[in-house]
Amino acid sequence: MRRSILSSLRAHLGRLIAACLAIVLGVGFGTLAMTAHASASHGIDETIGRQLAGVDAVATPQNASITAKDVAAVRKLPQADSVVATTSAYMQVTWAGKVRPGSLGVQARYDTSRIAGPSAIQGRLPDSTLEIALPAKVAEKNKVALGSKLRLNTYNDKSFTVTVVGLLDDAATVGPSDAVATAQTVKIFEPEGSINDLRIAAKPGVSQEALAAALTGAVGNNLEVYTGKAYIAHVVEGYTHGIDVLGGVFGMFAVIALFVACLVIGNTFTIVIAQRTREMALLRCVGASRRQVFSSVLAEASVVGVVASAVGVVFGVALSAIGLALTREFDWGIPKIDLHLDLASIFLPLVLGTIVTILAAVVPARRATRVAPLAALRPDTAPVAGSRAGVLRLILGFVLIAGGGLLLGVSANSNQVLVGVAGGVVSFVGLLAIGSLLVPALVRLLGALPARGGGVPARIAVGNAVRNPKRTAATTSALLIGVTLISLTCVGIASVRKTFDTTMDDQYPVDLMVMSYNEKMPASGEQQLHNIKGITQVVPIRTVAMKAGKESINVTGIDPATGATVIHNADLIAKLKTPGTALLDYSTMKMLKLEDGSTLTLVSGHQKLTLKAYVATGLDPVTVSLPDLEKVAPQPAITGYWLASDPKADGSDVMDAVQESFPTVKELSVGGGLAERTMYTKIFDVLLIVGIGLLGVSVLIALVGVGNTLSLSVLERTRENALLRALGLTRRQLRGMLAIESLLMALVAAGLGIGLGLLYGWTGTMALMGGQTATGDVEYALPVGMLVTIALVAAVAGLLASVLPARRAAKVAPAGALATE
């Protein structure tokens with residue numbers, strides 16, 4: 001049997017390449033996900049470990065701050081060899097060419113003989129008062145050289161001039177980097193500065209656990225005490241939580257890819273068994289048992305699984321190496337990460353790929369044992385819905401669909417995402433179970449039009465597509481999974497984004513709010529802001545100090561007509577356009593002890609203004625229409641502007657440009673929702689790109705399955721196709737017939753997948769966002785352009801999958817094929 005297995009592998013190598021491709025893609029993607037995750041986690045582990053080298057115990061504030069008494073108590077511990085109390089100051093720094101200062105943390109230098117600390121890659125570390133060493137990336141970004149003078153300001157307006165004497169190595173730093181100065185300098189900056197943490201190195205022979213126990217006794221329960229290893233793990237966890245979440249998402253897509261590959265592998269081995277029916281019958285005639293035939297098929301699957309999985313592992317590792325190299329080549333703001341391979345990321349995909357291949361081959365292998373010695377060269381007939389197995393499958397399918405739909409409804413109403421995931425999985429499995437009934441019906445429905453207008457080849461194509469319902473349903477299911485998940489991702493992200501935009505309009509109705517409280521705005525201020533790229537509307541506001549009872553408050557006035565162009569909340573605009581209305585933020589309403597619709601009286605000098613007060617989140621403390629404000633304060637001065645931005649513009653660039661506007665204004669306040677909106681928009685864009693890219697792998701694997709099914713169809717219908725050719729069907733018509741068959745399967749998968757994607761996407765959005773919005777309302781989006789693109793890609797891909805089988809069928813000579821038995 002061993003010789004038979006090897007000769008069979010050589011003979012059917014071309015057919016097995018399709019299965020190998022599916023395995024390579026699935027395993028490669030899983031390896032990529034695990035290797036990238038392992039490399040990122042290991043890189044952060046090493047980086048944090050280097051930053052905390054020599055630390056055997058750490059004490060951090062918990063219920064109270066660290067005091068000088070705590071430091072003195074720790075220094076007296078006989079187990080402690082070196083004690084570092086880390087302190088820092090937070091300053092404002094004026095960079096050359098910048099109108100307004102930025103923020104800079106300054107860490108106090110300490111003794112690094114036992115405990116690791118910052119190191120200089122250029123110049124030196126500070127050793128005198130008012131000297132400073134900057135992180136290299138910060139210096140490069142702001143064009144600061146060694147010897148430069150910087151102006152640092154404290155937040156209580158004390159100013160210092162410092163000299164840059166060194167550049168710090170921050171190439172592998174995780175998180176924001178601080179500058180370094182002497183402890184005396186930091187003390188000058190912040191005389192009352194607090195201690196961040198205590199880092200202790202143990203004396204020789206003292207374990208980390210013993211040191212931590214002594215430290216706990218010295219500082220009591222007010223401080224959190226860690227061993228050095230535990231603290232490193234604690235810090236790493238804070239950075240890798242997002243990586244672990246992303247790793248879980250990658251892993252989920254890898255499992256999906258392997259599942260789709262399993263369907264394709266099963267179809268591939270079905271093809272191989274169909275080709276080898278005569279061969280297996282001959283083996284049975286010469287004495288091979290059913291067990292030997294079954295074992296031979298599984299042995300072939302094992303060889304294919306091991307070889308293809310090994311290639312997939314190499315492929316995934318290569319992709320990981322390329323990806324990590326690109327992160328080093330381009331400045332993506334990611335610390336340098338080297339490729340790290342562990343046993344799990346190598347052997348787990350290899351083992352899973354092999355097991356999946358063997359499991360996928362079990363059903364074809366069992367079918368092979370049923371081949372009678374005198375069997376003809378044709379596959380077994382697929383079970384039909386009328387059979388006992390078919391009826392049970394349909395009943396189970398409908399029960400699962402009903403149960404899954406119930407779970408989806410519960411998740412949408414109770415905002416339980418895990419319940420929704422379970423409902424989606426259960427209902428989808430139910431849909432797969434009734435696929436042999438549903439898919440042929442949809443193919444007939446969709447094929448009615450080409451069958452009428454496409455002539456005999458089109459009618460034959462429709463018939464061929466539903467001839468083996470079980471196999472057609474299995475092939476369509478492979479593509480259906482990919483299309484469903486891509487549609488779900490697009491619909492879900494679009495709906496979450498729309499819901500988020502609506503929530504942002506409620507919480508931050510204005511993109512940018514620019515104001516100066518103590519200085520006049522320049523006369524050309526409105527035009528200066530209009531000239532900033534990405535700003536679409538600029539509306540001036542006027543602020544007047546007034547009295548509300550005993551409280552002094554600033555009242556903002558805005559023209560309701562022009563204000564409507566920058567306020568994104570229609571309800572607020574309608575109220576603002578109603579004369580005698582005041583919009584108050586929640587804290588002001590609470591301070592004045594008002595309720596929605598209460599009467600508010602504002603006093604300016606001897607003038608009084610009576611208004612109806614309503615809560616308005618995201619605006620100034622009190623906002624009124626400009627005509628109402630001018631009743632008590634004629635011609636108030638412009639004190640700021642409200643801006644609307646282009647949604648396609650880079651919000652960060654717009655914010656930076658606005659911050660740098662008005663050089664003559666010393667203190668400029670810039671607020672609004674643009675920064676948060678921009679951050680989440682970037683996250684949504686990245687999620688969409690990553691989701692589509694990852695799920696595209698499963699679609700690619702599914703298309704291999706479509707091509708395989710068509711190849712099996714060509715094999716089964718060799719004599720039939722030859723007879724059609726003999727009766728006058730041209731090669732072009734034969735290729736068109738197979739193209740229509742493939743197109744019908746692809747379009748059915750696309751239609752079903754898009755429909756399920758809409759259902760799952762909207763339900764998932766309700767479960768995810770229903771409890772996150774203030775009102776519980778969720779906005780549902782229909783990304784028509786993206787869904788049409790998905791359908792077109794599926795259709796084109798289906799046509800491409802038919803090319804090779806069609807060429808193979810067209811090359812067969814009619815006379816030779818008719819002679820085939």
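Values reported hereafter were calculated over all heavy atoms of this structure, with side chains retained and with hydrogens, waters and symmetry mates removed. Just so it is clear, the structure is predicted and the values come from calculations on it, not from any experiment.
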Listed partners of T789 passing side chain to side chain contact (heavy atoms under 4.5 Å, CB included), at least two apart: V793
Which distance, rounded to the nearest 0.5 Å, do you find between the CD1 of I486 and the CG of L787? 11.0 Å
Looking at S427 and G424, would you say the former's side chain and the latter's main chain have a donor-acceptor pair under 3.5 Å? yes
Closest non-hydrogen atom pair, V462 against R444: CG1-CA, 4.4 Å
Quick check: closest heavy atoms across A795 and A746, and the distance to 0.1 Å? CA-CB, 4.4 Å
Heavy atoms, side chains only, cut-off 4.5 Å: are L431 and I434 in contact? yes
Can you check whether L752 reaches L442 side chain to side chain, under 4.5 Å on heavy atoms? yes
Quick check for you: to the nearest 0.5 Å, what is the distance between L743 atom CG and L799 atom CG? 5.0 Å
Does some side-chain heavy atom of L756 sit less than 4.5 Å from a side-chain heavy atom of L480? yes
S411 (side chain) donor-acceptor with L408 (main chain) under 3.5 angstrom: yes
Heavy-atom side-chain proximity of F315 to T31 below 4.5 angstrom: no
If you count the non-hydrogen atoms of other residues, nucleotides and ligands that lie under 6.0 Å from OH in Y780, is the total more than 12? yes
Under 3.5 Å, is there a donor-acceptor pair between the side chain of W762 and the main chain of L782? no
A794 and A750: which non-hydrogen atoms are nearest, and at how many Å? CB-CB, 3.8 Å
Heavy-atom closest pair (A781 atom, S495 atom, distance to 0.1 Å) is N-OG, 3.0 Å
Residue pair L350 / V27, side-chain heavy-atom distance below 4.5 Å: no
Are T763 and M766 side-chain neighbours, meaning at least one heavy-atom pair lies under 4.5 Å? no
Return the CD1 to CG distance between I754 and L747, rounded to the nearest 0.5 Å. 9.5 Å
Between the CG atom in L406 and the CD1 atom in I401, the distance rounded to the nearest 0.5 Å is 14.0 Å
Roughly how far, to the nearest 0.5 Å, is the OG1 atom of T765 from the NZ atom of K498? 11.5 Å
Audit row: E300, V303, side chain to side chain contact (heavy atoms under 4.5 Å, CB included) steps and yes/no: CA-CA 5 Å; E300 291 178 23; V303 173; 5.9 Å; no
Is there side-chain contact between V491 and P783, with heavy atoms separated by less than 4.5 Å? yes
Would C490 and I790 count as a side chain to side chain contact (heavy atoms under 4.5 Å, CB included) if you check the C-alpha gap in whole Å, the side-chain angles of each, and the deciding distance to 0.1 Å? CA-CA 10 Å; C490 295; I790 292 171; 4.2 Å; yes
Can you pull out every side chain to side chain donor-acceptor pair (under 3.5 Å) where at least one residue sits in residues 306-315? Sequence neighbours excluded, please. none
Side-chain touch T357/S302, heavy atoms, less than 4.5 angstrom: no
Write down the atom of G397, the atom of A433, and the distance for their closest heavy-atom approach. CA-CB, 3.7 Å
In Å, rounded to the nearest 0.5 Å, how long is the span from CD1 of I740 to CD1 of I460? 10.0 Å
